[in-house]
Every structure is written in C-alpha cells, then in structure tokens.
Amino acid sequence: MKLDNLGIRSAWDLRNADPKRLRRQFSVVMERTVWELRGVDCIEIDEMSKPKDNIMTSRSFGRLTGDRADLREAVRVHASRGAEKLRRQGSVARALMVFLKTNCHRLELHQYNPSLVVPLPRASDDSRIIVGTAQRALDCLYRPGYAFMKCGVMMLDLADKKTLQHDLFDAKQGNADRERSEKLMSVVDRINREHGRNAISIGKPRKNAAWALRCQHRTPRYTTSWEELPVVRMR
C-alpha cells in the first residue's frame, strides 16, 4: 500500500525509484532491493551448495506406536534419506545418532526419550552401511511398553568425500569395496531420479504404517503430481 501511494506499482517502477528516499521511508533492505533490480549485487545470499556439518532426517509419526517393526521401518527410511543427502552434497559420515521420542504432553503415558551415537565401520555414504548401523542402534535403544511419536537419524562427523584421508592400513580389498559401493549407489540414485523416489530402496515400507505421516489435510499438489491435477468437466 505504501509503495502504491508513492506511485510504485511494478518492479520497473521500483527499479527507477530513488534508493535513498525509499531507505528513509522503509529500510535499508528496500534500498538494497532497488540496487539489486539495477544489477548491483548488495544482498548477501547464503550459499546453498555449502555442505552441511550435520544432516538430520526426522519426522513425527502419524499416530503413536510402540511396535518394533514400525520403528525399524521408520529408522530405515530416515537413514536411507540421510545417506542420499550425504551423496548429494559429496560428503561421508563417520558416525550417526539415532533417537526416539515419546509424547511429553501425554502425561498419562510412560516417557522415554533415548538417543545413541554410533560410529560407522568406516566413513561412508553407502545406504546399506548406514541403514545397518542405524538398525543396530535402534535395537540397543528399543524398550517395549512405550508409545513413541517420533524418531530420527542424524549423520555426524561429516567429511568431504574427495579429500577424505583413508586409513593408512586399509587393504586393497577395502579400496575395491569402496569402488563397488560408489558404483552401486550412483546407479541407485540415478534410477530414483529418473523414475521417482524409492523406485529402488532398502526395503519397502508398509502401507498405512503407524509411523507414516498423515496427509488428509495436505494442499493438493497441482504442479507436481499428475494424480492431483484439477479436473474440469464440461456439459
């Protein structure tokens, strides 16, 4: 409304406006926006490609569950997605953390919120190694009799894959294993990019699992899902 009162009704009008005047009436951000529209770089943008120090994959469950099979599925999915994110940014993890959470607002329920950090056998981005380690961590954490509402897996102690210093005493067989792992994960990622997420995955989640997120009230994905495109019928 303020811009409209100044006669600025389009991006072109804003570009041609007086930056100092807009700064006095609005803020330095508005002034910088004007300069950016004129082609002058003055707004710092976070480097999206900068590798993350840690990678967390977690989500609340659709409903509470204490079923061990549900928890194993959820941890497997989160660990797999964490491994995918590692490969996407060219990193490997040396350790991971698995955690479980009960609902702290349900005071009538027993509370148990454990977590465990486990080192990987070797720095890796291989989904098989990461999922296997996460599942073993879950086995250590799991206790029957609790209704969990959330779990997650965090990749820790990340390193750049290209500059990683391997164990000096690593055998040739270890190098061969890494090469096979890289080829396999590369093929898996390519197939999932071309045919959709989870075209290939370590195990398939069950339909209507308790841990799966409920999406009854999700906004239709008109621009990204063929099945949810609006349909027009004419008589």
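Every residue two or more places apart in sequence or in another chain was checked for a side-chain hydrogen bond (donor to acceptor under 3.5 Å, both in side chains) with Arg193, and none qualifies. Taking Arg38 as the reference, Arg15, Pro19, Val34, Trp35 meet the side chain to side chain contact (heavy atoms under 4.5 Å, CB included) condition, with sequence neighbours excluded. With sequence neighbours excluded, the residues forming a salt bridge (Lys or Arg N to Asp or Glu O under 4.0 Å) with Glu31 are Lys20, Arg23, listed by chain and number. By the salt bridge (Lys or Arg N to Asp or Glu O under 4.0 Å) test, Arg106 pairs with Glu108, sequence neighbours left out. In terms of the side chain to side chain contact (heavy atoms under 4.5 Å, CB included) criterion, residue partners of His105 (sequence neighbours excluded) are, by chain and number, Asn103. Legend: residues meeting salt bridge (Lys or Arg N to Asp or Glu O under 4.0 Å) with Arg21, ordered by chain and number and at least two apart, are absent. In this structure, Asn54 has no side-chain hydrogen bond (donor to acceptor under 3.5 Å, both in side chains) partners at least two apart in sequence or on a different chain. Here Thr133 pairs with Leu96, Val118, Leu120, Pro121, Ile129, Arg136 under the side chain to side chain contact (heavy atoms under 4.5 Å, CB included) rule; sequence neighbours left out. Applying the salt bridge (Lys or Arg N to Asp or Glu O under 4.0 Å) rule to Arg88 yields no partners; only residues at least two apart in sequence or on another chain are considered.
Among residues at least two apart or in separate chains, there is no ring-ring contact (aromatic ring centres under 6.0 Å, His included) pair with a member in residues 68-102. Sorted by first then second residue, the ring-ring contact (aromatic ring centres under 6.0 Å, His included) pairs that include residues 110-141, not counting sequence neighbours, are Tyr112-Tyr146.
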Please output the side-chain donor-acceptor pairs of residues 183-190 that fall under 3.5 Å, not counting sequence neighbours, one pair per line with the distance.
unit_1, atom_1, unit_2, atom_2, d
Asp189, OD1, Arg87, NE, 3.4
Asp189, OD1, Arg87, NH2, 2.9
Asp189, OD2, Arg87, NE, 2.7

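At distances below 3.5 Å, at least one donor-acceptor pair connects side-chain atoms of Asn192 with backbone N or O atoms of Ile200. Judged purely by atom type and a 3.5 angstrom limit, Arg9 has no side-chain atom pairing as donor or acceptor with the backbone of Leu6. In this structure, Ser181 contributes its side chain and Asp177 its backbone to no donor-acceptor pair below 3.5 Å. Of the possible polar contacts, one joining the Ser58 side chain to the Cys151 backbone as a donor-acceptor pair under 3.5 Å is found.
Applying side-chain contact (heavy atoms from CB on, under 4.5 Å) to Asp70 and the options Val75, Thr65, Leu64 leaves one that passes, Thr65.
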